[in-house]
Peer 1: 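Dropping a structure here in structure tokens format, bear with me for questions.
To find a chain, count down the sequence lines: A is the first, B the second, and so on, and within it residues start at 1. Predicted, not measured: the structure shown is a model, and the values here were computed from it. Computed from heavy atoms alone, side chains included, the values below leave out hydrogens, waters and symmetry copies.
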Protein chains: 2
Amino acid sequence: MHHGIAIGKVSEAAGVKIPTIRYYEQIGLLAPDRTDGNRRTYANEDIERLTFIRHSRELGFDIDEIRTLLSLQDHPHQSCHEADTIAKVRLVEVKRKIASLIALKAELERMVEGCSHGRVETCRVIEILADHGKCVFHDSVAAA
Amino acid sequence: MHHGIAIGKVSEAAGVKIPTIRYYEQIGLLAPDRTDGNRRTYANEDIERLTFIRHSRELGFDIDEIRTLLSLQDHPHQSCHEADTIAKVRLVEVKRKIASLIALKAELERMVEGCSHGRVETCRVIEILADHGKCVFHDSVAAA
DNA sequence: CATACATCCTCTAGCCACTATAGGAGCAAG
DNA sequence: CTTGCTCCTATAGTGGCTAGAGGATGTATG
């Protein structure tokens, strides 16, 4: 009876698309059983695992980081120092990215506001893209 | 004499790597001449063009958008309406991305601050990743 | 029991914007 | 003439999936 859960249900429950689940299996994040008819069957823990993965991806962790985080989760008696470090590194990246995007936003606003909606030859958008010196964004980000 | 500029010099001048320049040529953004010995030769306009491309990429425009922007630049008597629109769309994207990253930053800070630096079993980082309900980020971004 | 239809399987190729590697040719200086 | 640098082409790889072909399996109904 207890065949486990089919991939479609798991997909729905965890919010991860079917081909993505198969991809995660392929790269070794998951190892479901099979039925006699060669169909994948999952347990509830697999849904939790996939939710963990999805959540981590949403937070911007890459697959290698997730691999580490999963193996930490699998061995809960270890020190959580490594998980902490991974999160901290990610936090620094995110802060940098925010700073960069804010500069970028300013530049785009300058472009759009400066545009007089005339011809390309006098367009501030094109002008700023062409002339490096007129760009604020480049310097502020190159420095970061 | 006037052989034009070699790819290495162009690369340095425009701040675009050599294989990337060749890639841009392959996808039709650039069309250099060749010497007798089959080497690419560039003019100063090509350096400007590559700088334009690099700058646009730094601002997050994709290749298709850049293709459009370049063709606008090549025909300066057209209306700049399209360039304006492309920049505006990009600006909206950037604003959304900033909002999302700020939520993400808050979540990572909550994870890192909550971590008591003990065992994985009591680690707030792992806990939040595993338990969707404890996450602030997901809702705030799903709503956006 | 047959049939229709949904769901699943594997395998391969494609996406974006590059980047890396192999294996060779051109060219300028000593 | 040889050393060593720059350049050439062509192919494959990167990350994280996504799409499609072509076929097998499972289930609900007639």
Peer 1: D:dC7 C1' sits how many Å from B:Ile5 CD1, rounded?
Peer 2: 16 Å

Peer 1: From NZ of A:Lys9 over to C1' of C:dC8, roughly how many Å is that when rounded to an integer?
Peer 2: 13 Å

Peer 1: I'd like to know if B:Arg22 reaches the base of D:dT9 with its side chain, counting only an N/O donor and acceptor under 3.5 Å.
Peer 2: no

Peer 1: At under 4.0 Å, does any side-chain N or O of A:Tyr24 touch on OP1 or OP2 of D:dG16?
Peer 2: no

Peer 1: Once you apply a heavy-atom cut-off of 4.0 Å, does A:Ile7 come out as touching a base, just sugar-phosphate, or nothing?
Peer 2: sugar-phosphate

Peer 1: Take atom CD in B:Glu121; do more than 12 heavy atoms of anything else shown fall under 6.0 Å from it?
Peer 2: yes

Peer 1: For residues 61-70 of chain A, which residues have at least one heavy atom under 4.0 Å from DNA chain C?
Peer 2: none

Peer 1: Can you check the A:Ile53 CD1 to D:dC17 P distance for me, whole Å?
Peer 2: 10 Å

Peer 1: Should A:Thr20 be listed as having a side-chain N or O under 4.0 Å from OP1 or OP2 of D:dG16?
Peer 2: no

Peer 1: Quick check on C:dC18: is either OP1 or OP2 less than 4.0 Å from any side-chain nitrogen or oxygen of B:Lys17?
Peer 2: no

Peer 1: Taking CD1 from B:Ile18 and P from C:dA17, how many angstroms apart are they, rounded to a whole number?
Peer 2: 22 Å

Peer 1: Does atom CZ of A:Arg67 have more than 12 heavy-atom neighbours, drawn from other residues, nucleotides or ligands, at distances under 6.0 Å?
Peer 2: yes

Peer 1: A:Arg54 versus A:Leu50: any side-chain heavy-atom pair under 4.5 Å?
Peer 2: no

Peer 1: Among C:dT19, D:dT18, C:dA25, which nucleotide has an atom closest to any side-chain atom of B:Arg39?
Peer 2: C:dA25

Peer 1: Please state whether the phosphate of D:dA24, meaning OP1 or OP2, lies under 4.0 angstrom from any side-chain nitrogen or oxygen of A:Arg34.
Peer 2: no

Peer 1: For A:Glu93, does the CD atom have more than 12 heavy-atom neighbours from other residues, nucleotides or ligands under 6.0 Å away?
Peer 2: yes

Peer 1: Can you confirm whether more than 12 heavy atoms, excluding those of B:Glu82, are under 6.0 Å from its CD atom?
Peer 2: no

Peer 1: With the side chain counted from C-beta on, respond yes when A:Ile53 and A:Val16 share a heavy-atom pair under 4.5 Å apart, and no when they do not.
Peer 2: no

Peer 1: Starting at CD of B:Gln26 and ending at C1' of C:dT19, how long is that distance when rounded to a whole Å?
Peer 2: 13 Å

Peer 1: For the pair made of CZ in A:Arg54 and P in D:dG16, what is the distance, rounded to whole Å?
Peer 2: 17 Å

Peer 1: Of the listed nucleotides (C:dC27, D:dG16, D:dT9), which one gets closest to any side-chain atom of B:Asn38?
Peer 2: D:dT9

Peer 1: Rounding to a whole Å, what distance do you find between A:Tyr23:OH and C:dT10:C1'?
Peer 2: 18 Å

Peer 1: Do A:Leu59 and A:Arg90 have side chains that approach each other closer than 4.5 Å (heavy atoms only, starting at C-beta)?
Peer 2: no

Peer 1: In whole Å, I'd like the distance from the CD atom of B:Glu58 to the P atom of C:dA17.
Peer 2: 15 Å

